[in-house]
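Structure, as structure tokens:
Reckoned from all heavy atoms, side chains included, excluding hydrogens, waters and symmetry mates. Throughout, residue positions are numbered sequentially from 1 according to the sequence presented.
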Amino acid sequence: VSQSRYALWVTLQHVDVHGDVTIGAEVGQGTVYINDVDVQGSTRVRGGGGNSVYINGGVHSGIVIEDTPGKSVRIVVKADNTPNVIVRPQEQGQGVTIEGSVADVPVQGKSVHVTIGAGNVGRLLIGAAETKVSIKEQAQVKGVEADKAVQITNEGVIADVRIGKEAKESVITNKGEVATIQAEAV
């Protein structure tokens with residue numbers, strides 16, 4: 001007999017982790033709180049859904065978003081530092097929403113839709129084909145570097161966009177502010 005267990009609400013708080021923290025698929029579409037936790041390894045997100053994974057306080061060396069059972073996850077980062085958030089699902093069609101303050105966001109999974117909600121992002125690094133990016137009104141992004149074709153819908157503020165040679169099919173729909181756009185010669 002097979003039995004599945006899903007937690008709708010999980011909290012990890014006030015600990016130091018000398019390794020990785022993995023939010024497993026068993027969390028399902030539930031909500032996860034990581035409060036005042038210092039993680040020396042990676043924080044791996046494989047579960048949680050649109051209800052969110054909240055990182056409040058603590059120091060995180062990096063956050064890796066992988067496949068999630070519900071095909072979407074929302075992560076809110078209010079850490080004591082500004083970690084990188086790597087978007088690396090293996091399955092196509094994953095949706096990832098990032099809010100809060102983060103450094104770089106490398107997008108490495110094909111056919112991913114990344115939404116930047118309220119908050120600040122250092123650089124969005126698009127290295128995977130068929131990526132869609134939505135930057136919401138309350139978001140600020142210092143830079144977007146596209147090495148693969150990307151569709152960007154911007155309602156927020158982007159300081160700089162760089163489109164590489166292999167990203168010449170990129171489309172930017174701008175309803176917000178973009179300071180500069182640079183495209184490499186083909």
Is [Y] close to [X] at the side-chain level, that is, under 4.5 Å between some pair of heavy atoms?
{"X": "Ile55", "Y": "His60", "answer": "yes"}
{"X": "Ile116", "Y": "Lys136", "answer": "no"}
{"X": "Val39", "Y": "Asp20", "answer": "no"}
{"X": "Arg46", "Y": "Ile23", "answer": "no"}
{"X": "Val17", "Y": "Asp38", "answer": "no"}
{"X": "Pro89", "Y": "Val112", "answer": "yes"}
{"X": "Thr82", "Y": "Val102", "answer": "no"}
{"X": "Arg44", "Y": "Arg88", "answer": "yes"}

Let me confirm one number: the [atom1]-[atom2] distance from [X] to [Y], rounded to the nearest 0.5 Å.
{"X": "Gln151", "Y": "Glu169", "atom1": "CD", "atom2": "CD", "result": "11.0 Å"}
{"X": "Asn174", "Y": "Ile158", "atom1": "CG", "atom2": "CD1", "result": "6.5 Å"}
{"X": "Asp160", "Y": "Arg123", "atom1": "CG", "atom2": "CZ", "result": "10.5 Å"}
{"X": "His113", "Y": "Lys71", "atom1": "NE2", "atom2": "NZ", "result": "15.0 Å"}
{"X": "Thr153", "Y": "Lys132", "atom1": "OG1", "atom2": "NZ", "result": "9.0 Å"}
{"X": "Gln108", "Y": "Lys148", "atom1": "CD", "atom2": "NZ", "result": "12.5 Å"}

Where do [X] and [Y] come nearest, in terms of heavy atoms and distance?
{"X": "Gly109", "Y": "Ala128", "value": "O-CB, 3.2 Å"}
{"X": "Ala139", "Y": "Gly117", "value": "CB-O, 2.9 Å"}
{"X": "Asn81", "Y": "Gly58", "value": "OD1-O, 3.9 Å"}
{"X": "Ser42", "Y": "Ser61", "value": "N-OG, 4.2 Å"}
{"X": "His14", "Y": "Val37", "value": "N-CG2, 4.0 Å"}
{"X": "Gly48", "Y": "Val53", "value": "CA-CG2, 4.5 Å"}

Treating [X] as the side-chain partner and [Y] as the backbone partner, does any N or O pair qualify as donor plus acceptor under 3.5 Å?
{"X": "Asn56", "Y": "Asn35", "result": "no"}
{"X": "Asp67", "Y": "Gln90", "result": "yes"}
{"X": "Ser170", "Y": "Val150", "result": "yes"}
{"X": "Asn154", "Y": "Gly156", "result": "yes"}

Side-chain ion pair, Lys78 and Glu99, N-O less than 4.0 Å: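 No, this pair does not count.
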Could you tell me whether Glu184 and Lys165 make a salt bridge, using a distance below 4.0 angstrom between a side-chain N and a carboxylate O?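 Salt bridge flag = no for Lys165 with Glu184.
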Determine whether more than 12 heavy atoms belonging to other residues, nucleotides or ligands lie under 6.0 Å from atom [atom1] of [X].
{"X": "Gln13", "atom1": "CD", "value": "yes"}
{"X": "Glu155", "atom1": "CD", "value": "yes"}
{"X": "Gln92", "atom1": "CD", "value": "yes"}

Could you walk me through whether Val171 and Ile152 pass the side-chain contact (heavy atoms from CB on, under 4.5 Å) test, one step at a time? CA-CA 6 Å; Val171 176; Ile152 300 172; over 6 Å; no
Do the side chains of [X] and [Y] join up, straight or via other hydrophobic residues, at under 4.5 Å, putting them in one cluster?
{"X": "Ile181", "Y": "Val144", "value": "yes"}
{"X": "Val15", "Y": "Val27", "value": "yes"}
{"X": "Val157", "Y": "Val161", "value": "no"}

One pair to check against side-chain contact (heavy atoms from CB on, under 4.5 Å): Tyr54 and Val32. What are the steps and the verdict? CA-CA 6 Å; Tyr54 293 91; Val32 176; over 6 Å; no
Please say which of Asn84, Asp147, Asp104, Ile86 ends up in a side-chain contact (heavy atoms from CB on, under 4.5 Å) with Leu125.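 Result for side-chain contact (heavy atoms from CB on, under 4.5 Å) with Leu125: Asp104.
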After noting the C-alpha distance and the side-chain angles of Val64 and Thr43, does the key distance pass the side-chain contact (heavy atoms from CB on, under 4.5 Å) rule? CA-CA 6 Å; Val64 181; Thr43 302; over 6 Å; no
If we ignore angles and hydrogens, is there a donor and acceptor under 3.5 Å between the side chains of Gln94 and Thr68?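 Their side chains do contain a donor-acceptor pair, which is all the 3.5 Å distance test asks for.
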The test is side-chain contact (heavy atoms from CB on, under 4.5 Å); show your working for Val73 and Ile65 and say whether it passes. CA-CA 8 Å; Val73 68; Ile65 299 174; 3.7 Å; yes
